[in-house]
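Quick note on labels: first sequence line is chain A, next is B, and so on, each numbered from 1. In what follows, every heavy atom counts, from backbone to side chain, and hydrogens, waters and symmetry copies are set aside.
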2 protein chains.
Amino acid sequence: MSTPERLIESTQELLWERGYVGTSPKAIQQRAAAGQGSMYHHFKGKPDLALAAIRRSADERQALAEEQFSGAGTAVERVAAYLRRERDVLRGCPIGRLTQDPEVVADPTLRQPVADTFEHLTRRLTAVLTEGQALGQLDSELDPADTAATVVAVLQGGYVLARAADSVEPFRRATEGAIALLAARELR
Amino acid sequence: MSTPERLIESTQELLWERGYVGTSPKAIQQRAAAGQGSMYHHFKGKPDLALAAIRRSADERQALAEEQFSGAGTAVERVAAYLRRERDVLRGCPIGRLTQDPEVVADPTLRQPVADTFEHLTRRLTAVLTEGQALGQLDSELDPADTAATVVAVLQGGYVLARAADSVEPFRRATEGAIALLAARELR
DNA sequence: GTCTATAGTTAGATAGAC
DNA sequence: GTCTATCTAACTATAGAC
């Protein structure tokens, strides 16, 4: 792999593990097995490299979610598949994590890919729910946009609870609770 | 206010704003208007002071939540009151925030108050929901523990979405979506 | 209890040789 | 493109005077 590629991937990993504030250029260079000069040759500095890494992570995350959204099944089945997808729960969400970084939220350029990702996820989930209503699978009283936001929030909050407890159990409870609430609105 | 008190409160604020990794002893001293020697006289170092601040924040948070849980109204009303409580949404949760800090989750001593807080919140919400079922207000098919975890997760995830969007709107949608899903399970 | 001095380490980056 | 040397500031803490 090329040096710029290794630098971007190493930065993605470190941003996930330690966030922007907790990630130093030195740590990035060591993980990428690249020298200082090399890093500063390919990127203007830490913010520039971080932007490339955040954009990459955001794109990957959106593509991953799309697999569940465009799959087979009813609306509730597809939402459940999304919530139950295999995840490394205790590592948390590489995108959601960045919302706790003061330097990321303070910089519109760094925050944009993060905002885009959640906007995209919520929009796709809204479409899935709306389609379910149109097909007569789901109670039409349900507000699709609000419910979509609830689903995305449960996922992000589930990570928080799991990391606090150092256990996946609260994550499982939170997501299963949400699936049950949603399933109760299915029409049959 | 005494110097130790000012140091603890300043640390609470900085941990909320910047997290453990992003908070330096120097920044704490400046905000508390205390000198270096003063800080190291009252506390062993950054971890010691952080522990005092995290414990304080955890206690405060649990007491705040109790106001809604022990209030009047049906189970759903009390859960809704908790989710709709006036909050400075864009600042996020001072406790949930810490779950994204590598040094906090890696240190059992620092993580404990965080774990305790979510465990306590979930337990209290479970009790509220169970009571609602016993009083015939709520569908007994509902799993109280799972649903309680869902509610806490929606709150934490709502903060994440709001900070990503730099807007309270996704938080409002997520919480209202959850309240609507829960309200559909009310018996009347 | 509080202050200043000191000190080793890391952060983040630039300069210039190769 | 990559490497080493160099630099200023900040981080985290200790020592000892007052």
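Counting only heavy atoms from C-beta outward, the side chains of B:Leu121 and B:Phe69 approach each other to under 4.5 Å. Using a 4.5 Å cut-off on side-chain heavy atoms (C-beta onward), A:Gln36 and A:Gln29 make contact. Residues A:Arg123 and A:His120 meet the side-chain proximity criterion, which asks for heavy atoms closer than 4.5 Å.
Listed by residue number, B:Thr3 are the residues of residues 2-13 of chain B with a heavy-atom contact under 4.0 Å to DNA chain C. Taken residue by residue, residues 36-43 of chain B places heavy atoms nearer than 4.0 Å to DNA chain C at B:Gly37, B:Ser38, B:His41, B:His42. Listed in residue order, the members of residues 98-106 of chain A having a heavy atom less than 4.0 Å from DNA chain C come to none.
Sequence neighbours left out, the pairs with a member in residues 150-159 of chain B that pass side-chain hydrogen bond (donor to acceptor under 3.5 Å, both in side chains) are B:Arg87-B:Tyr159. For the salt bridge (charged side-chain N to carboxylate O under 4.0 Å, His left out) condition, the pairs that include at least one residue of residues 14-25 of chain A, sequence neighbours left out, are A:Glu17-A:Arg31, A:Arg18-B:Glu103. For residues 51-67 of chain B, every residue pair satisfying the side-chain hydrogen bond (donor to acceptor under 3.5 Å, both in side chains) rule, not counting sequence neighbours, is listed here: B:Glu5-B:Arg56, B:Gln12-B:Ser57, B:Gln12-B:Glu60, B:Gln62-B:Thr117, B:Glu66-B:Arg124. Listed by first and then second residue, the side-chain hydrogen bond (donor to acceptor under 3.5 Å, both in side chains) pairs that reach into residues 91-100 of chain B come to none, sequence neighbours excluded.
Here the straight-line distance linking atom CD1 of A:Ile54 with atom CD1 of A:Ile8 works out to 12.0 Å at 0.5 Å rounding. The distance from atom CG of B:Leu161 to atom CZ of B:Arg163, rounded to the nearest 0.5 Å, is 12.0 Å.
Not one N or O on the side chain of A:Thr11 forms a donor-acceptor pair closer than 3.5 Å with the backbone of A:Ala53.
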Tell me which donor-acceptor pairs under 3.5 Å the side chains of residues 173-181 of chain B have, and how far apart each pair is, sequence neighbours excluded?
| from | atom 1 | to | atom 2 | distance (Å) |
| --- | --- | --- | --- | --- |
| B:Arg173 | NH1 | A:Asp146 | OD1 | 2.7 |
| B:Thr175 | OG1 | B:Phe171 | O | 2.9 |
| B:Thr175 | OG1 | B:Arg172 | O | 3.1 |
| B:Glu176 | OE1 | B:Arg84 | NH2 | 2.8 |
| B:Glu176 | OE2 | B:Arg84 | NE | 2.8 |

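Listed by chain and number, the residues in a salt bridge (charged side-chain N to carboxylate O under 4.0 Å, His left out) with B:Arg185 are B:Asp139 (sequence neighbours excluded). Among residues two or more places apart in sequence or in another chain, the salt bridge (charged side-chain N to carboxylate O under 4.0 Å, His left out) test is passed with A:Arg111 by none.
For the pair A:Lys46 and A:Tyr20, the cation sits on the ring face: its NZ or CZ lies under 6.0 Å from the ring centre, inside 45° of the axis.
Note that the first and last nucleotides of DNA chain D, 5' to 3', having any atom under 4.0 angstrom from a heavy atom of chain B are D:dC11 to D:dT14.
Of the options B:Met39, B:His42, B:Lys44, a side chain to side chain contact (heavy atoms under 4.5 Å, CB included) to B:Leu49 is made by B:Met39 and by none of the others.
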Name the pairs: protein N/O against N/O of nucleotides 9-11 of chain C, kept only if under 3.5 Å.
| from | atom 1 | to | atom 2 | distance (Å) |
| --- | --- | --- | --- | --- |
| C:dA11 | OP1 | A:Ser24 | OG | 3.2 |

